Amino acid sequence: MIIRSVIEGVGSYLPENIVTNAELSKRVDTSDEWITERTGIKQRHIAPKGQNTSDLAIAASKVALEAAGMDGRDIDMVIVATTTPDNTFPATAAKVQAALLKPGIPAFDVQAVCSGFVYSLAVANNFIKVGQVGTALVIGAETLSRFLDWTDRTSCVLFGDGAGAVVLKAGKGEGTSADRGILSTHLHSDGRYFDILQADGGVSSTQTSGLLRMKGKEVFRHAVVNLAETAREAIEANGVEFKDVDWLVPHQANLRILDSTSEKLGLSKDKVIVTVDKHANTSAASIPLALHQGISDGRIKKGQLLLMETMGGGFTWGSALVRL
Ligand code: ACO
């Protein structure tokens, strides 16, 4: 018998305000046609002033806790994956803990940009596997709209705000791919590509938060290769095949990236959960948002095998194979 981190509840939250491509084309020189053709994005949710990353994180967590049949007193640890914290410090996780959870439990943020949720899942999984905690709340939450350059049409059309959360609980397994829970996680980074996708500022360098800058073509090229490689390593590590995967639940950056990756892996498009059309790229929030969408509409079911994969600034990338 081995310890497995089982997903007991999933939740998400999206700000009410929706901005369509048509509305965006009134602000910058772009069009619905261009954005749809190049990215698959049709709309994004944008948080109003005063609604911060922690508010989104708390709202998503409430849904996840309820789905797990738990309340905040049942949680032993909280991790928030975010690139857009409320404050430079303390961690956004501290606000989630104060609002929902019990005082005294560890609460911290993980910064791995779009890979933040998979990184956080890996951290929580390892805490659970060594027996240090029995339950963990893992959240991806972002208000990316706050650090976009709204005059740069090459980047501002791509992103949105939102949050997703999962509740993990220690369970027992046989050590095979038939177990429920996180079967494996795989994390990578390559800091040589720091400049290709970055905020052009920071506390130490400019004393500002900076704005998002991206060399889109280069990100695209690396994303397709890295995502396929990390998906393969998750499959191989568990002695399964791609045909055994029920759902690919990928980071949602661009429909063309999703299509190219699934094609490279030989996975049919109808096995891919796509939310990028409605949410745009919500960075660390995109995988738990997609997971919750798939569960809510009845496609993703308990016992199914899910492959999560992601790539983001750093570069960072990684995957997780999970049986729900
Ligand atoms: N509307 C209209 N025209 C635009 C827009 C826009 N929003 N943005 C760029 N263009 C123009 C360019 O100026 C260029 O015009 P030019 O030929 O006259 O110079 C033309 O469209 C083509 O631009 P490209 O950058 O070559 O377009 P490309 O096909 O590469 O698409 C895109 C750009 C969508 C950013 C693509 O490179 C991409 O998706 N890259 C991946 C990056 C990504 O998804 N990042 C998300 C963050 S990272 C992550 O989450 C992994």
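Just follow the structure's listing: the first ligand is 1, and inside any ligand the first atom is 1. What you see is a predicted model; the values in this text were computed from it and never measured.
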Between [Y] and [X], is the closest basic N to carboxylate O distance under 4.0 Å?
| X | Y | result |
| --- | --- | --- |
| D179 | K172 | no |
| K95 | D55 | no |
| D74 | K102 | no |
| D200 | R213 | yes |

Proximal atoms of ligand 1 relative to [X] (non-hydrogen, under 4.0 Å):
| X | result |
| --- | --- |
| F159 | 46 (C), 47 (C) |
| V219 | 42 (C), 48 (S) |
| H251 | 49 (C), 50 (O) |
| T154 | 8 (N), 9 (C) |
| T39 | 34 (C) |
| A253 | 44 (O), 49 (C), 50 (O) |
| V157 | 7 (N) |
| F220 | 38 (C), 39 (O), 40 (N), 41 (C) |

Kindly say whether [Y] contributes a backbone atom to a donor-acceptor pair with the side chain of [X] at under 3.5 angstrom?
| X | Y | result |
| --- | --- | --- |
| T316 | A112 | yes |
| W247 | R299 | yes |
| T176 | A178 | yes |
| E309 | T261 | no |

Query - Polar contact flag, side-chain donor to acceptor under 3.5 angstrom, H186-T230 - result: no
Counting only heavy atoms on the protein side, is anything nearer than 4.0 Å to [atom]?
| atom | value |
| --- | --- |
| atom 25 (O) of ligand 1 | no |
| atom 40 (N) of ligand 1 | yes |
| atom 32 (C) of ligand 1 | no |
| atom 17 (O) of ligand 1 | no |

Nearest-contact summary for [atom] - protein heavy atom, Å:
| atom | result |
| --- | --- |
| atom 1 (N) of ligand 1 | T30 OG1, 2.6 Å |
| atom 13 (O) of ligand 1 | R153 NH2, 3.0 Å |
| atom 48 (S) of ligand 1 | L197 CD2, 3.2 Å |
| atom 22 (C) of ligand 1 | R38 NH1, 3.5 Å |
| atom 8 (N) of ligand 1 | W34 CH2, 3.3 Å |
| atom 51 (C) of ligand 1 | M311 O, 2.9 Å |
| atom 38 (C) of ligand 1 | N254 ND2, 3.6 Å |
| atom 45 (N) of ligand 1 | M214 SD, 3.0 Å |

Query raised in the report: What orientation do F127 and F108 show, parallel under 30°, tilted 30 to 60°, or perpendicular over 60°?
Result: tilted
Query raised in the report: What is the ring orientation for H45 with H279, classed by angle as parallel under 30°, tilted 30 to 60°, or perpendicular over 60°?
Result: perpendicular
Query raised in the report: Around E66, counting heavy atoms of other residues, nucleotides and ligands shown, do more than 12 lie under 6.0 Å from its CD?
Result: no
**Report entry** Given T282, N17, N21, N281, the one that forms side chain to side chain donor-acceptor pair (under 3.5 Å) with R44
**Finding:** N21
Query - Within-cut-off N or O pair, I257 and ligand 1, under 3.5 Å - result: no
Requested in this report: Could you tell me if any non-hydrogen atom of N281 lies under 4.0 Å from any atom of ligand 1?
Outcome: yes
